[in-house]
Amino acid sequence: MVTRFAPSPTGHLHIGGARTALFCWAFARRHGGKFMIRIEDTDAARSSLESARGILSDLAWLGIENDLGPYLTPEGTIAERDWPDGRVGTYFQARRVEIYNQYIERLVRQGRAYPAFESNEEIESQRKAAMAAKQTYRYPRPAEVRPGLFDDAMASRWARACAGERHVIRFVAPPGEIIVPDQVLGDVRIAPGELDDFVIRKADGFPTYHFAVVIDDELMGVTHVLRAQEHLANTPRHVALQQALGFRTPIYGHMPLIFNTDGTKMSKRDKAKAARKAAKDAVAKNAGALAAVEPGALASFLAGENDSVETAETIAGALKIVLPEIEVWDFRRNGYLPEAINNFVSLLGWNPGMKQADGKDLEKFDTAFLCQHFGIDRIGKTNSKFDRAKLLSFNADFIGAMTDEQFADRWLGWMREHEPEAAAVIGAIPRDRLLILARALRPRAKTLRDALRPAAFVLTDDAGYAFDPAAVEKNLLASDRAGTKLLAEFRPRLGGLDPWTPETLTALVDAFAKEKGMPNPGGIAQPLRVALTGTGVSPGLGETMAVLGRSSTLARIDRCLDSLA
RNA sequence: GGCCCCGUCGUCUAGCCUGGUUCAGGACACUACCCUUUCACGGUAGGUACAUGGGUUCGAAUCCCAUCGGGGUCACCA
């Protein structure tokens, strides 16, 4: 049994693609088969090795490993794995053109395909005319083409093509009904005459998607094809081709689509939309808000003339907003965990249908579970919407389930990749304090990036943070500087505390509050918090002071007191 | 528009195949309350769904039909 994930390397790995890959992989694992990756780079203009590398990297990050096809070496180069007998060679379609051409010629000589010489423009104008007349355009097969015959007319067409005349190769669509067997949807029947003579080799000599897929699925031994439902309409073409070539038809399963919550397709354009909206708001409030963005680019972007992701990201950076995540890379960069993505995405269009011991639905599981239980029979038919809030909750749960050690390591690992400056500071903190920091941050973080915000107080030195005027007013100056006075009174008690731990520090604060007859420790905790972090919001004070250490804690209090004196 | 697919809480879904045990269960989100040193975490409680209309049947979320609604696709892109 062989399943495959066959991305075209024209960008990052889309979250929907991740689900497809995950399911194909899990299905192969479940049945002891092989999982293959094939790169569909027959669109020479749009494909790039860079994209292929990115997709492979995202797949590896998710923990999806292929048995066949390209993979990323530790050095960052792309290598390929083949069957032991080397029967496939390469899994990059652009390098397999000669193979496709052999089959093209075979079909032509059997009268099942033929060169066509109309220009793109001719076809395009005919199509437009048909559309204008509200009719479905179907390429009219030339009268001289006789299905199943390679006669003089065909031979002459072939000769013109071989002589270098610009042409495409079209497939002779079969006359009968086509049945697409689908394990998710059931048999889908397409009436006779629905298919026209579609192109199987482009004028540039590359096969079209339809042709390359059919040849490769056969040659690479693919037995099961799981893909998104947007491909369903293509499948009759593939079945027709398989029959003409005498190939077997793999088992198909078309999976429901994934949309945004508002029902629109999840696409890169969502980033542009979000950035444009934020930018317009910002510029309305303050004309100079986006000085960081090149004016010409900004103007055309705001006018909706383009959806440049670069411009969108520059704007997001300047405005400190987070763009909607669409691709795996976005989630990765924003501090999502692969286990959360895998788990969440598994539930889009599939469900294990099991109960936990407490009777609730089982919906938290890892990829090992998926590899044990995934089956086509439980793939749903209805499209789903990508609910970021639920993903976020899953991510938070995975973070919550970590130990402080695990969190510290993974947080740092993420930071080294995505926030090197912060990593330099946090990485220099001694291990014991780092673990206290992890303990303080972990319950407050839904993503790894989230943890950066409450960690702001350790990212600056003792004189490097600013005091939030409102917080200072409320907690230190109000009521005749009550907070300031308490803070000054509390400060000396820190001097002799031993040991300096979150627990002893918390106890010290509590004792002081009690001694002063406060109803709760807030009266001293809040002034202290503002002194130490500059704001009224921070992790628990015990942890905060423990991470800071005695000298920093005292220095920060002194600096605060001095600034108010 | 043609062809094709789909239709259970706001969202993801269980239940549907093998009608009754379901005036429909879970999760996320939401609301209220509790906990609390800020922010979070946590705890408890709550509201919200079988698209509509016809059949079939003693009985339908479950079977059939129609309507309506949503989606995909109609490239020398994949």
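All of these numbers come straight from a predicted model, not from anything done at the bench. Chain letters run A, B, ... following the sequence lines, proteins first, then strands; residues in each count from 1.
- Rounding to whole angstrom units, CG of residue A:Asp262 and P of B:U11 are separated by 12 Å.
- Across B:C41, B:C12, B:G15, the shortest atom-to-atom separation from the side chain of A:Arg378 is found for B:G15.
- Checked against B:C4, B:C76, B:C12, the side chain of A:Leu232 finds its nearest nucleotide in B:C4.
- Base pairing analysis places B:G7 opposite B:C68; the two distances defining the Watson-Crick or G-U wobble pair are each below 3.5 Å.
- Looking at heavy-atom distances under 4.0 Å, A:Phe259 makes contact with sugar-phosphate atoms alone, never a base.
- Between the C1' atom of B:C39 and the CG atom of A:Leu452 lies a distance of 16 Å, rounded to the nearest Å.
- If you look at A:Tyr209 and A:His231, their ring centroids are closer than 6.0 Å.
- Nearest nucleotide to the A:Leu257 side chain, out of B:G72, B:C77, B:A14: B:G72.
- For the P atom pair drawn from B:C64 and B:G7, the interatomic distance equals 12 Å after rounding to whole Å.
- Comparing B:U37, B:C12, B:U73 by their nearest atom to the side chain of A:Lys385 picks out B:C12.
- Atom CG in A:Asp377 sits roughly 13 Å away from atom P in B:C16 (whole-Å rounding).
- The aromatic rings of A:Phe386 and A:Phe331 sit tilted, their planes meeting at an angle between 30° and 60°.
- Scanning residues 162-182 of chain A for heavy-atom distances under 4.0 Å to RNA chain B yields A:Val168, A:Arg170.
- Contact annotation for A:Pro539: base contact, defined as any heavy-atom pair under 4.0 Å involving a base atom.
- Residue pairs satisfying the salt bridge (charged side-chain N to carboxylate O under 4.0 Å, His left out) criterion with at least one member in residues 165-175 of chain A, sequence neighbours excluded, are listed as follows: A:Arg160-A:Glu165.
- Less than 6.0 angstrom separates the ring centroid of A:Tyr465 from the ring centroid of A:Phe467.
- Residue A:Asn234 is in base contact, counting any heavy-atom pair closer than 4.0 Å across all strands shown.
- With respect to the salt-bridge test (charged N to carboxylate O, under 4.0 angstrom), the residues A:Lys364 and A:Glu339 do not qualify.
- Taking 4.0 Å as the cut-off between side-chain N and carboxylate O, A:Glu40 and A:Arg38 count as a salt-bridged pair.
- For the C1' atoms, the distance from B:G15 to B:G25 is 8 Å, rounded to whole Å.
- Comparing B:C68 with B:A29, their C1' atoms sit 29 Å apart, to the nearest whole Å.
- Using a 4.0 Å heavy-atom distance criterion, A:His254 is classed as making no nucleic acid contact.
- A salt bridge between A:Asp307 and A:Lys268 is absent, with no side-chain N of the basic residue lying under 4.0 Å from a carboxylate O of the acidic one.
- Atom CG of A:Asn351 is separated from atom C1' of B:G15 by 11 Å (rounded to the nearest Å).
- Rounded to whole Å, the C1' atom of B:C16 lies 10 Å from the corresponding atom of B:U8.
- More than 12 heavy atoms of other residues, nucleotides or ligands lie within 6.0 Å of NZ in A:Lys485, so this atom counts as buried by the packing criterion.
- Remark: B:U38 base-pairs with no nucleotide in the shown strands. Criterion, Watson-Crick or G-U wobble with two distances under 3.5 Å.
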